[in-house]
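Single-structure report; data block below.
A, B, ... follow the sequence lines: proteins, then strands. Residue 1 opens every chain.
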Amino acid sequence: MELKLYDTLTREKRMFAPLDPSRVRMYVCGPTVYDFAHIGNARPVIVFDVLFRLLRHLYGVDKVTYVRNITDVDDKINARAAERGVAIRELTEETYRNFVEDVAALGCLAPTVEPRATEHISEMKTLIERLIASGNAYVAEEHVLFSVPSMPEYGRLSKRSLDEMVAGARVDVAPYKRDPMDFVLWKPSKTGEPGWPSPAGIAAPGRPGWHIECSAMSWKHLGETFDIHGGGIDLEFPHHENEIAQSRCAFHTPLMANFWMHNGFLQVEGEKMSKSLGNFFTIREVLADWQGDVIRLAMLSSHYRQPINWTVKGLEEAEKALANFFDAASADAEPRPAPGVLEALADDLNTPKAISEMHALRNAAGRKALAGTLAFFGFRQGAFAQWRDASVPAPALPVDEIDRRIAARLSARQARNFAEADRIRDELAALGVVLKDSKDGTTWELAR
RNA sequence: GGCCACGUGGCGGAGUGGUUACGCAGCGGUCUGCAAAACCGUUUACCCCGGUUCAAUUCCGGGCGUGGCCUCCA
């Protein structure tokens, strides 16, 4: 099976082959742990979980290393901890635990490694020293800055020229920067802020800039170059552009990751998600109303690079589709996804196409393959069924009373008193009990 | 303001230089005393204007709209 993936750097779908044939290495930018993750954060988590599963299927479970970092040093974290009056470590650990719970509820596998930024300060400092030594970074007023003009290919990922960026710049430039585009690798810590002994002979304690942590952690856990780097499209610039500059200049390599993958943005009910519009939802809030598998399917019903419109209608449709899938799937699943599904996924993770293939398996011949496909995707019938049963109200009548009325209706039908039979059925329907007649008798279920 | 994306039928959403996506909803039918469920069938499409082409929803240019980045942000 040939896997094709779209690479943001070259703007084309290319055949994927691991740089090191014996293993596949993937890095995805993870959360900054200061608050509950929102539904937009769930998209890359789910998308790259599917890619992780696909790679494990194609190359072997123990051949794929998936690294997703935890950013636990950041100004927003400092501000939130101060606001709540808790220790930074307490805030980051609590937020991380919540994130892990949310992500597990969405049916995602744990990455192979979840490194924390604060546990990689020494790697960051090593990179910074190297960049200074190679002339790609400089010290100014206790900061270490990356010199963007020293990197000729800067802007290649985001397709921006330095001239365009300077021309369009809206921000004031810090006076100590040699070039307006230069960005911070290390900055001094004020009293009360987390700080570490600084590199480059800077006396004052400091802390890392945002971008350097990903270069350090991917280096430590995957090496100087690796196969896939993923994240949201909003990270393309400046974050990923800066990671590339740091890593390539520090290691003198022509590339950092062989494939750069970016998922599209999420909107809510056709509008930008924002707190001011009142349409901002955390994963936890959505999980209060919808089971994780429903959220997962709804998220995968759009191609990952397309923008996705997050709507209640979409969730309702996902629930319906999931119910249909589980109804059709047999208990004895094949230990693999269906070939058609695999083929769709191998074409740059075309999940909508894969889902349409799953619909095609909802027949007698496809039941085992469908079950295998559902398992492959991480859908969990038990959790879904349990949630669905709990989501309908209990019948307003005791079960034996329902049975008694069904028997009464049967008598009426046998006497061809259909008016009475229909009256009983309507009465039960009004109480939320829906009858179904079949050759084998009458069954009932609760109205949804 | 600069740069980068996206714009498909009632809704969601793939894909393609000429041929069925698929799902939901709707409509028709089979079954049923009638329903429900199930099954079968089925209508509506490619933002606008140019260009290239025998042929464009698909390629190119312009416009409009939406979104992203440029500043913390997935």
Side-chain angles (χ1 to χ4, degrees), chain A residues 8 11 28-32 34-35 37-48 71 74-77 79 155 157-173 180-181 210 230-241 262-267 270-275 280 297-298 300-303 305-311 313-321 324-325 327-328 340 344 347 350-360 362-363 412-414 416-419 421-422 425-426 428-429 433-439 442-445 447:
Chain A
T8 308
R11 311 263 158 171
V28 175
C29 289
T32 300
Y34 70 103
D35 203 346
H38 59 69
I39 192 64
N41 295 309
R43 194 175 194 194
V45 170
I46 293 171
V47 163
F48 290 105
T71 299
D74 178 272
D75 289 344
K76 286 192 299 295
I77 294 172
L157 179 72
S158 53
K159 290 265 187 291
R160 299 159 196 242
S161 72
L162 284 178
D163 293 346
E164 285 163 3
M165 286 187 274
V166 173
R170 279 177 160 178
V171 284
D172 294 333
V173 177
M181 295 311 298
W210 174 35
I233 188 67
D234 55 310
L235 294 179
E236 182 188 271
F237 187 88
H239 185 54
H240 291 165
E241 195 76 70
H262 293 96
N263 62 272
F265 231 62
L266 174 142
Q267 281 185 277
E271 288 183 303
K272 176 178 176 157
M273 179 169 78
S274 73
K275 286 177 179 164
F280 183 96
L297 184 63
L300 295 175
S301 64
S302 294
H303 183 86
R305 280 192 279 122
Q306 293 291 113
I308 189 170
N309 186 16
W310 192 251
T311 62
K313 192 158 184 287
L315 286 159
E316 287 169 351
E317 286 194 14
E319 181 191 345
K320 219 173 290 185
N324 286 338
F325 288 150
D327 279 351
D347 182 13
N350 192 339
T351 52
K353 183 85 187 305
I355 291 167
S356 85
E357 292 291 331
M358 289 165 73
H359 283 293
R362 284 166 48 196
N363 56 47
R413 289 179 70 203
Q414 281 163 347
R416 303 196 67 79
N417 183 355
F418 296 123
D422 289 349
R425 185 176 61 201
D426 292 346
L428 285 170
V433 175
V434 179
L435 301 188
K436 292 182 187 179
D437 295 331
S438 76
K439 312 181 258 308
T442 300
T443 59
W444 60 273
E445 62 182 37

Interatomic distance at P, B:C47 relative to B:A21, whole Å: 16 Å
Rounded distance in Å between the P positions of B:G9 and B:A45: 10 Å
Rounded interatomic separation in angstrom, taking NE2 from A:His38 and C1' from B:C73: 7 Å
Sugar-phosphate only, base, or nothing, as touched by A:His262 at under 4.0 Å among non-hydrogen atoms: nothing
Side-chain N or O of A:Ser356 closer than 4.0 Å to phosphate OP1/OP2 of B:G23: no
Nearest-Å distance for atom pair CZ/P, residues A:Arg425 and B:A37: 12 Å
Sugar-phosphate only, base, or nothing, as touched by A:Asn350 at under 4.0 Å among non-hydrogen atoms: sugar-phosphate
P-based separation of B:G68 from B:A74 [nearest Å]: 14 Å
Sugar-phosphate, base or nothing in reach of A:Lys436, heavy atoms under 4.0 Å: base
Strand RNA chain B in bracket notation, Watson-Crick/G-U under 3.5 Å with | for pairs to another chain: (((((((..(((.....[...))).(((((.......)))))....(((((..]....))))))))))))....
Side chain to side chain contact (heavy atoms under 4.5 Å, CB included) against A:Asp347, all qualifying residues, sequence neighbours excluded: A:Lys4, A:Lys13
With A:His262 via ring pair (Phe, Tyr, Trp, His ring centres under 6.0 Å) - residues at least two apart: A:His240
A:Phe280: ring pair (Phe, Tyr, Trp, His ring centres under 6.0 Å) partners, not counting sequence neighbours: A:His38
Polar side-chain contact A:Asn324-B:G23 base: donor and acceptor under 3.5 Å: no
ring centroid sep under 5.5 Å plus plane angle under 30, A:Phe265 with B:A74: yes
Sugar-phosphate, base or nothing in reach of A:Gly231, heavy atoms under 4.0 Å: nothing
d(NZ, A:Lys320; C1', B:A25) in whole Å: 8 Å
Intermediate values then yes/no, side chain to side chain contact (heavy atoms under 4.5 Å, CB included), A:Trp310 and A:Gln267: CA-CA 6 Å; A:Trp310 192 251; A:Gln267 281 185 277; over 6 Å; no
Results of side chain to side chain contact (heavy atoms under 4.5 Å, CB included) for A:Arg11 - residues two or more places apart only: A:Tyr6, A:Thr8, A:Lys159, A:Glu236
Are there any protein N/O atoms within less than 3.5 Å of an N/O atom in nucleotides 27-32 of chain B, and if so, which ones and at what distance?
none

Per A:Asp234 side chain, nearest of listed nucleotides B:C69, B:G13, B:C22: B:C69
Partner set under side chain to side chain contact (heavy atoms under 4.5 Å, CB included) for A:Ala354, not counting sequence neighbours: A:Val341, A:Ala344, A:Leu345, A:Phe377
A:Ala298 to A:Leu315 - nearest heavy-atom pair and separation: CB-CD2, 4.0 Å
Non-hydrogen atoms of A:Pro44 and A:Asn263 that approach each other most closely: CB-OD1, 3.2 Å
Sugar-phosphate only, base, or nothing, as touched by A:Leu266 at under 4.0 Å among non-hydrogen atoms: base
For atom CG of A:Asn263 and atom P of B:G68, their distance in whole Å: 14 Å
Over all atoms of both residues, closest heavy-atom pair of A:Pro352 and A:Ser302: CG-C, 3.6 Å
Sugar-phosphate, base or nothing in reach of A:Gln267, heavy atoms under 4.0 Å: sugar-phosphate
Ring pair (Phe, Tyr, Trp, His ring centres under 6.0 Å) partners for A:Phe48, two or more places apart: none
Salt bridge A:Asp35-A:Lys76, side-chain N to carboxylate O under 4.0 Å: no
Separation between the P atoms of B:G26 and B:G62, rounded to whole Å: 44 Å
P gap between B:U52 and B:C11, integer Å: 34 Å
Residues in side chain to side chain contact (heavy atoms under 4.5 Å, CB included) contact with A:Phe237, at least two apart in sequence or another chain: A:Tyr154, A:Ser158, A:Arg160, A:Met165, A:Met181, A:Glu241
Identify each atom pair where a protein N or O and an N or O of nucleotides 4-11 of chain B are less than 3.5 Å apart, giving names and distance.
unit_1, atom_1, unit_2, atom_2, d
B:C4, O3', A:Arg11, NH1, 3.4
B:C11, O2', A:Lys313, NZ, 3.2

Euclidean distance, atom CZ of residue A:Phe325 to atom P of B:G23 [Å, nearest integer]: 10 Å
Closest-nucleotide ordering on RNA chain B, the 5'-leading residue of A:Thr311 and A:Arg416: A:Thr311
Distance, rounded to the nearest Å, where A:His240 contributes NE2 and B:C69 contributes C1': 13 Å
Sugar-phosphate only, base, or nothing, as touched by A:Pro238 at under 4.0 Å among non-hydrogen atoms: sugar-phosphate
A:Lys353 NZ - B:C22 P separation (whole Å): 11 Å
Position toward the 5' end of RNA chain B (nearest nucleotide), A:Gly264 or A:Ser302: A:Ser302
Whole-Å gap separating C1' (B:C72) and CG (A:Leu235): 12 Å
With A:His239 via ring pair (Phe, Tyr, Trp, His ring centres under 6.0 Å) - residues at least two apart: A:Trp210, A:His211
Rounded C1' spacing from B:U32 to B:U66 in Å: 49 Å
B:C59 and B:U43, which share atom name P, separated by this distance in whole Å: 27 Å
Selected nucleotide, minimal atom distance to A:Phe237 side chain, candidates B:A14, B:G67, B:C69: B:C69
Separation between the P atoms of B:C73 and B:G17, rounded to whole Å: 39 Å
Residue-phosphate contact under 4.0 Å: A:Lys272 side-chain N/O, B:G68 OP1/OP2: yes
Sequence-distant partners of A:Lys320, salt bridge (Lys or Arg N to Asp or Glu O under 4.0 Å), two or more places apart: none
